[in-house]
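Remember, predicted model here, so these are calculated numbers, not experimental data.
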Amino acid sequence: MQYEASDIQVLEGLEAVRRRPGMYIGGTDGKALHHMVYEVTDNAVDEAMAGYCTHIEVVIHPDESVSVIDNGRGIPVGIQPQTGQPAVTVVLTKLHAGSKFGGGGYKVSGGLHGVGVSAVNALSDWLEVRVRRHGHIYRQRFERGTPVSELEIIGDVPEGDTGTIITFLRDPTIFEVLEYRYETLLQRFREMAFLNRGLKITFMDERGAFDKQGLQVAYPHSTTFYFEGGVSSFVRYLNKNRAVLHEPIYAQREVDGTQIEVAVQYTDGYNESSYSFANTINTPDGGSHMTGLRSALTRSLNDYARKIGFIKEGDASFTGEDTKEGLTAIVSVKLPDPQFESQTKVKLLNAEVRGQVESAVVEALNAWMEQFPKEAKAIVEKCRTSARAREAARQARDLVFRKSALESMTLPGKLADCSERDPSKAEIYIVEGDSAGGCFSGETQIALADGRALSLKEIVAEHQAGLKHFCYTIRHDGKIGLEQIVNPRMTKAGAEVIRVTLDNGETIVCTPDHPFMLRDGSYKPAASLANGDSLMPLYRKLSDMKEPANYNHRVAVVERLAEWIDVYDIEVPHSHNFALASGVFVHNSAKQGRDRRFQAILPLRGKILNVEKARLEKSLANREIQALITALGTGIGNDFSLDNLRYGRVVIMSVDGEELTFVKDPAGRICAERVGPFIDWLWETGANPSAYQVICFDATSGQVRFKPIKAVLRHDHDGPLFEIKTTYGRSVRVTGEHSVFVADADGKPVLKRGDEVRPGDLLVAPGRLPLSQPAPAQLDLLQAFLALDEALDTDLVVRGIGVEAWYKATVRAEYADAPQMVEPRVTIPPDVGNLLKAQRQALGLSQADICEAVGIRQPVTYYAWEKAAVVPPWTISFVMWTCWVSTDKRFSPRSRWGTVAWIISGTRSIGLRRPIACAIT
């Protein structure tokens, strides 16, 4: 193929536009078709920005031709000096022809290159322009960019009536889409009206639509836009169906000839609706003005968040992504010399605009936040929520899930995995507490079969070098044998430990819950060992032993250490115990009490986290949850799949089955149920656990309430249990790793491991049960118990004020026929008794006389009354007594009943020298 000078072509006029339309309007699709209308309309808007146009009309005619009508100054019709042609002809047929190159025609305009309307002319099947100017109407017609008529006057108009009408029909040989979408153009014209306050834009669609039967289903219609609120009205319109957090924040300023107008409003949603405009032209790809807005928002909101304490010292600041959530914003700039990325003007490139916009927005936003602190805090809180969600998403992306036991090294270090690769044959035990993985200081020595005593650290190092080790163990038949040590490792960094000292002087440093084997073959946690406990000894025959050691391997001292250290452990298959060099045997914990061929153990520290209430990023930041997700292999969120589950059986180890808990049944009845039998009953009957509720405690609010059961599990447990008893007789049995609520130094409930609870700790227990709904206002438990009578299978001991009142009422009812037996009694002070005795003696009455008169059988009783040695008589007896010793002469010692009647009517006539101070009980 030859390449000569004759192969070089020069495209004249508008031929280049028709050959390469994508360079001028972005393509030949529907978007480019609508861009044709925008180019013509933008010229009319330029007239409005210059202050000469107040009304623009856009009409789609039935033949898909479009007319753009404005009342601006009208395109000049005089002769253009350079070309000798009318200016309107030059504008429509020459590329880069116009008055927007600094000639003074426009201070601010959307057109830059003088290409837009001429490109429209080139890509139209025909175009006709009419100009009202100088009192005349001028007209010229073009076809595919070429004039087919001269500029001519076709009529007159009043002087001062000016404007331009451009009507064009797109070229069907160029465009792939030939019909305009009314909604697309409507949105664009609405934006233009918002951005040019006071400008009226009328959009009319004269097309109708007909169905296959020829029936009209759509009719011509028109819409008019006119807004005085500018971009603030624009934001309100965008948020008309959304819940907003505040009124629009508005900023307006002119900097170095650049007019800046910004409106910002946050909603309670999650999507962003931000739009940028340069000289009223939509820039969908943003640019320097949008960058300035985002920088201002991020900067101001971070400063304010730190000022009010929402972002603490050392916390990460909000990013631009955080401040976008729920944001609705409009930024509009009008500048003399805008620089766009291309003829389609999708992005503004003027670098200086960023700083101008940022400065204007920061100033306005800071002033607004100081004026409206409540609304400002709502915005900052929304940004903080977005930041947390972003961090959660990042952590979710960073999580790497293991697909098989040998395919990855990302499994958590605390996981003691199994060797089985078939998930259907593997199972995992999730235990509570890192100590389930074990237990000794790194310096603890193990007695090896080769005669050495190596520390756990040394064994780990040699194991990594490929060496094998064998230890002493007690087999199931009770005899000492040998087993290979597997999986020596550090199980936890910084663990709490205690020191056990034996009677042979040896010391062992381990975690409090590690089981030691007693001489009878049972196990006891280290923290529970007491002085004198006899441990299982290791007897070995040594050739150089001159005389036997006289040690019983008893515990001498158990003491808790203040330091926290790294702890180590090993696994001993089959027998699950091993001998220390100090001469005693210890048990393997949960990790060792398994078949490592198909059983895995994952220890989790305490109560990890309630993921239902915690934020996603907080959940994913929790190391225990990370370990759980990674170990199970199912993934989370959109990546969750049970097909990737690494174990066919997941067992969760929890509480003692004999423990009592309060359960509310579907009928609202509350019963104390033992956990194990209750779960067994649910399993055996197939009952729905969610129909039952258990009593729960909220450590934050202190409230006790019933909540539905989500699921139940049951499993075996062969480790030690701790029984915690309180001074009031309550007790609970827990594993060493299980946590209970205790009160801290401030009286607030905190979690504490079962093996860490000590005498003097205050356990948190419910003071009362929440009532069922509906519930009786008052429940008489005593009457309820008495109603059972013989049905009770145990004795009840009750006490209290209510019980005392009930018992007194019962006794009174029993002696209703003998009121003197239940009358209140009188307590007489000693001096009063002496006074009554002296009065009796003065009257010459003997004790026998008083006894006969009052009705006392034994004189010794009356003697005790006068001495105040016993509880005084009933009220009636006391009254009769005082009457008999009265000095009032109206009463005879023999008229007892008259005396009683008198005393009841008024006691002031008793002839005593001072008032009698007595108490009736």
Side-chain angles (χ1 to χ4, degrees), residues 232 235 238-239 242-251 262-274 290-331 354-355 357-398 608-623 625-626 637 698-702 746 748 750:
S232 291
V235 167
L238 294 173
N239 289 335
R242 303 168 183 166
V244 299
L245 302 183
H246 55 88
E247 287 297 310
I249 306 169
Y250 180 71
V262 177
V264 172
Q265 189 175 43
Y266 278 90
T267 71
D268 64 354
Y270 303 98
N271 298 322
E272 179 194 16
S273 299
S274 297
M290 180 59 75
T291 302
L293 171 63
R294 296 196 190 285
S295 298
L297 288 174
T298 305
R299 171 181 158 191
S300 296
L301 291 175
N302 271 308
D303 291 345
Y304 189 77
R306 292 192 180 277
K307 178 180 177 181
I308 64 175
F310 270 49
I311 300 179
K312 306 298 183 183
E313 187 68 28
D315 290 350
S317 299
F318 299 147
T319 67
E321 290 298 316
D322 302 331
T323 60
K324 285 168 55 178
E325 189 171 284
L327 171 67
T328 301
I330 302 294
V331 54
R354 172 179 177 172
V357 172
E358 184 173 356
S359 175
V361 173
V362 166
E363 180 179 339
L365 188 57
N366 288 344
W368 181 87
M369 289 190 292
E370 291 297 331
Q371 185 178 0
F372 302 100
K374 180 179 179 181
E375 291 81 357
K377 288 181 180 179
I379 296 175
V380 172
E381 177 61 35
K382 186 169 186 63
C383 295
R384 182 166 64 174
T385 301
S386 177
R388 291 168 176 168
R390 171 180 54 81
E391 178 63 17
R394 183 193 66 79
Q395 293 176 358
R397 289 193 301 268
D398 292 345
I608 49 175
L609 189 67
N610 186 345
V611 295
E612 278 194 320
K613 295 182 179 180
R615 299 184 302 272
L616 179 59
E617 82 280 358
K618 183 177 180 180
S619 299
L620 294 178
N622 185 282
R623 292 185 177 180
I625 292 180
Q626 289 180 359
D698 189 331
T700 303
S701 65
D746 298 326
K748 297 179 180 179
V750 296

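Inter-residue side-chain proximity for Lys324 and Ser386 is flagged as unmet; no heavy-atom pair is nearer than 4.5 Å. At a threshold of 4.5 Å between non-hydrogen side-chain atoms, the residues Val331 and Met290 count as touching. A 4.5 Å side-chain heavy-atom check between Val264 and Val361 finds every atom pair outside the cut-off. Side-chain contact check for Val244 versus Thr328: every heavy-atom pair is 4.5 Å or farther apart. In this structure the side chain of Asn366 reaches within 4.5 angstrom of the side chain of Met369, judged on heavy atoms. Put simply, the side chain of His246 does not reach to within 4.5 Å of the side chain of Lys374, judged on heavy atoms.
The shortest heavy-atom contact between Phe318 and Val380 is CZ-O, 3.8 Å. For Ala251 against Ala360, the heavy-atom pair with the smallest separation is CB-O, 4.2 Å. Closest non-hydrogen pair, Tyr266 versus Thr323, comes out as OH-O, 2.7 Å. Closest approach of Leu293 and Ala329 over heavy atoms only: CD2-CB, 3.8 Å. Between Ile311 and Ala316, the closest heavy-atom pair is CG2-O, 3.9 Å. When every heavy atom of Trp368 is checked against every heavy atom of Glu247, the shortest pair comes out as CZ2-O, 4.5 Å.
In the displayed structure, Asp315 atom CG is contacted under 6.0 Å by more than 12 heavy atoms of other residues, nucleotides or ligands.
Between the side chain of Ser295 and the main chain of Thr291, a donor-acceptor pair closer than 3.5 Å is present. Looking only at distances, no side-chain donor or acceptor of Lys382 sits under 3.5 Å from a matching main-chain atom of Tyr270. Here the side chain of Asp322 pairs no donor or acceptor atom with the backbone of Cys383 at under 3.5 angstrom.
Here CG of Leu301 is found 11.5 Å from OG of Ser317. Values are rounded to the nearest 0.5 Å. Atom CG of Leu297 and atom CG of Asn302 lie 11.0 Å apart (nearest 0.5 Å). To the nearest 0.5 Å, the span separating CD1 on Ile249 from OG on Ser232 amounts to 10.5 Å. For the atom pair Ser273 OG and Leu238 CG, the distance stands at 6.5 Å (nearest 0.5 Å).
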Worked check of side chain to side chain donor-acceptor pair (under 3.5 Å) between Thr319 and Glu321: CA-CA 5 Å; Thr319 67; Glu321 290 298 316; over 6 Å; no
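For Glu358 and Arg299, the salt-bridge test passes: some basic side-chain N is under 4.0 Å from an acidic carboxylate O.
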